[in-house]
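First comes the structure, then the notes that go with it.
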Amino acid sequence: MLVYLARRVVYTIPILLGVSLVCFALVHIAPGDPLVSVLPPDASAELQAQLRALYGFDQPYIVQFLRWLGRALQGDLGTSIASGRSVTTEVVTAVGYTLRIAVLATLIGFFFGSLFGFVAGYYRGSAMDRIASFVSVLGVSVPHYWLGMVLVIIFAAILGWLPPTGKGDESSLWESFRHMILPAVTMSVIPMGIVARTVRALVADILSQEFVVGLRAKGLTDAGIFRHVVKNAAPTALAVMGLQLGYLLGGSILIETVFSWPGTGFVLNNAIFQRDLPLLQGTILVLALFFVILNLLVDMLQTALDPRIQRS
Amino acid sequence: MLSRHTLALGLGLMMTTALAGIASAQEKTLRIAMTAADIPRTLGQPDQGFEGNRFTGIPIYDSLVQWDLSKEKEPSVPIPGLATEWSVGEDKTKWTFKLRPGVKFHDGSPVNAAAVVWNVQKVLDKSAPHFDASQVGVTASRMPTLRSAKAIDDMTVELTTSEPDSFLPINITNLFMASPAHWEAKFKAASASDPAEKAKQAWTAFAADPSGSGPFKVTRFVPRERLELAANDAYWDEKRRPKIAKVVLIPLPEANARTAALLSGQVDWIEAPAPDAAAQIKSRGFKIYQNVQPHNWPWQLSFAEGSPWLDKRVRHAANLCINRSELKEALNGMMAEATATYEPGHPWYGNPTFKAKYDPAAGKKLMTEAGFSASKPLKVKVQTSASGSGQMQPLPMNEFVQQALKDCYFDVELDVVEWNTLFNSWRLGAKDPAARGSHATNVSFASMDPFFGMVRFSSTKAFPPVSNNWGYYGNAEIDKLIADARTTFDDKARDVALAKLHTRIVDDAPFVWIAHDVGPRAMSAKVKGVVQPQSWFIDIATMSMD
């Protein structure tokens, strides 16, 4: 196990290096000036050259990349061009906010997804299966930014029950939680749909296996069989959940923008529009790191839950 | 002995009074949702365009010369700010500014000549310990001829320009005065040993806890979330001493999110509400304020070789064929009809003979004279973006113009590119491959300053890549008009010279003038004393709340 873990950690290095290199290249290939946020288009050519030199953008790309990489290895992701704040602080703060709604959304999604999946799989072909399947397909298909706006209109603008945007006053736990509800529910719809469809297929597959017939023949009750089905479906469902959490950590740009939630998606969106190179690179690198670590954790959790899975 | 009922009544009354007090205190907090995605920089020279100046510039800081934001009906003009008077010397490059006595920064230190020099150095003197590259871009480009500052005595400062430039007093409305003493304190407290790194740390600390001399002081700053301001009760201008105790600024970049925040009572004021929601906002008792802004949303035409716009008749025809009032209706009234860069009534409007009114018959006649017809339309390509700062609603607006011009024998092709690409292409000019063969570009711009409103689009010295004369419009005669305006130092005479320049521009029509933004903002009816000036800015200090 330790050898496996060490190997996985070593594998992380080329992945992160590749991510940072691709990200750096993509940002430079894209049109636009990295100094656009501090340099208006009417700035003189002299001023442009002066600022480019001051920020080090007059250096060859390879020099810029290596300098950035050197600092990143020491934990310094640089300074945001637009805000002048430390990228590390910006990203860490944003990750904290995204983590909050991503975890809540994953829990909601996993709970309802598993519920719908088990019900649909266990009662395959019944009306309950059709309803649960419909809900899960809807979850995967509905554009979540649209759903977010609809929820805002209903629960904030019309009913006035929940705040529509922002993260609220953090001195009040309840107020903070109220601000999380709408974005988390909106975000949970996709994992819910995916988990439900996966679990439904798993349950159907497990129920058709011989050991279930054996259990029934031994006289096990439905509840007992259900427990066995859950136990067998859990590793895969957990793996899917872990991946979904990873996706939610990096893929919430639309939702965070709709709800003005100051997480990684919101930061990334701003960084892209402002061509804030250090912030963009730093955020992507941290998200990539998260994804890799999350995958590793899920793999380890799977091994712990199912000893049949051998890691060597 | 008090009876239970009396005691209950008394307690009830006390609680009601207390709650009313709390409610009243809460109502004195004005919560504003900005369109910016982050709090504009608070260290003196804001970013995020003029929204930055509006919310973290003017409320927190003062400039030597400031904009008069007290009038709705007249164009906003520069008035004395921290400087009470100014004059230019014999050689026309040295300006003397007399400072207002008794003004203090929020930290209590005095606003004097040394402080002004320090603030000029922060963006122009690379050798100064407090020079900050991040503030240079947004500042130096807005005062292109300012070179240095010198203290003559404690309350007199001399500014030097690279050439005679009568626009300087307008330009320096963009230079906000931060407190040197407060920065020095941050510098001393910084942990780094390298002076440059220490200065960087000091500016970061200053941004989190700034000190200006404006009508509001910063009390709390949470990056990307909120900026809280409190009234500066010792503000030097009694008329602008705030009546609202606390202002909270919240970045909400998404128009629908802002609208929902207003409708749900989360904020009291939103910038740029979603146009489709205007009726709903009004029906819920909120007020929408708007006024014509020194903003232009035009097509800037190419005068490069082979451009179809080289024929003046064609340029005039395009200006005559757009029914701007219909476009305004399509935008729910959230625009003003543009017939020139500056509209009649503005001191720089002048007396142009060409009037860009809606007259399709005259437009068609000109097109026929130029050799075009319905069966032989003139092909033009226009570069625009799908979104962008100040771009209003570029796609539906351009499609409207495309359709309108079709009736006047134009065959318009729209080349939609990403906003930053369009922005960069603007600087590279019509002849550059980035223009992709376009004959016009659709980049909106601010025009409160004569350099930004006229000079950079008409001077031969502003041809790409030097500045934004994308279409290569200009000649020696226009350069002479510009030089006349720049070297006329009496304010009224300078306005006359600028009006001559504008007259020439309108008659030449290097633009198809289409719309001016009106800066719509929706507010709770509780907010009183709102004056929406003809400006990009608005004065929060003179407002009150019920």
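Order of the sequence lines fixes the chain letters, A, B, ..., with proteins taken first and strands second; residue numbering starts at 1 for each chain.
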**Qualifying residues under salt bridge (charged side-chain N to carboxylate O under 4.0 Å, His left out), relative to B:Arg147, sequence neighbours excluded** = none

**Message:** Tell me if a side-chain donor or acceptor on A:Thr165 pairs with a main-chain N or O of B:Ala257 at a distance below 3.5 Å.
**Reply:** no

Counting heavy-atom pairs closer than 4.5 Å to chain A, which one of [options] comes out on top?
| options | value |
| --- | --- |
| B:Ala260, B:Ala207, B:Pro144, B:Pro251 | B:Ala260 |
| B:Pro465, B:Pro40, B:Pro253 | B:Pro253 |
| B:Lys200, B:Arg226, B:Glu254, B:Lys126 | B:Lys126 |

**Prompt:** In Å, rounded to the nearest 0.5 Å, how long is the span from CE of B:Met448 to CZ of B:Arg142?
**Reply:** 8.0 Å

**Message:** Does anything in residues 64-106 of chain A form a ring-ring contact (aromatic ring centres under 6.0 Å, His included)? List the pairs, not counting sequence neighbours.
**Reply:** A:Phe24-A:Phe65

**Asked** Cut-off 3.5 Å, side chains only: do A:Ser80 and A:Glu90 have a donor facing an acceptor?
**Response** no

**Distance-only polar pair, side chains of A:Thr106 and A:Gln244, donor-acceptor under 3.5 Å** =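 No, because no side-chain N or O of A:Thr106 sits under 3.5 Å from a partner of the opposite role on A:Gln244.
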
**Prompt:** Checking heavy atoms, do the side chain of B:Phe457, its backbone, both or neither come under 4.5 Å from chain A?
**Reply:**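 B:Phe457 has no heavy atom closer than 4.5 Å to chain A.
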
**Prompt:** For B:Pro223, is it the side chain, the backbone, both, or neither that has a heavy atom closer than 4.5 Å to a heavy atom of chain A?
**Reply:** both

**Item:** Under 4.5 Å from any heavy atom of chain B - which part of A:Thr79
**Value:**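 A:Thr79 touches chain B through side-chain heavy atoms alone.
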
**Item:** Which atoms of A:Phe266 approach chain B - backbone, side chain, both or neither, heavy atom under 4.5 Å
**Value:**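 Only the side chain of A:Phe266 comes within 4.5 Å of chain B.
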
**Request:** For the residue pair B:Pro273 and B:Leu262, establish whether any side-chain heavy-atom pair is separated by less than 4.5 Å.
**Result:** no

**Asked** Is any NZ, NE, NH1 or NH2 atom of the basic residue among B:Lys246 and B:Glu228 found under 4.0 Å from an Asp or Glu carboxylate oxygen of the other?
**Response** yes

Just distance, no hydrogens or angles: give the donor-acceptor pairs under 3.5 Å from side chains in residues 282-290 of chain A, sequence neighbours left out.
from: A:Thr283; atom 1: OG1; to: A:Leu279; atom 2: O; distance (Å): 2.5

**Prompt:** If contact means a heavy atom pair closer than 4.5 Å, which residues of residues 147-164 of chain A contact chain B?
**Reply:**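 Listed by number: A:Met149, A:Val152, A:Ala156, A:Ala157, A:Pro163, A:Pro164.
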
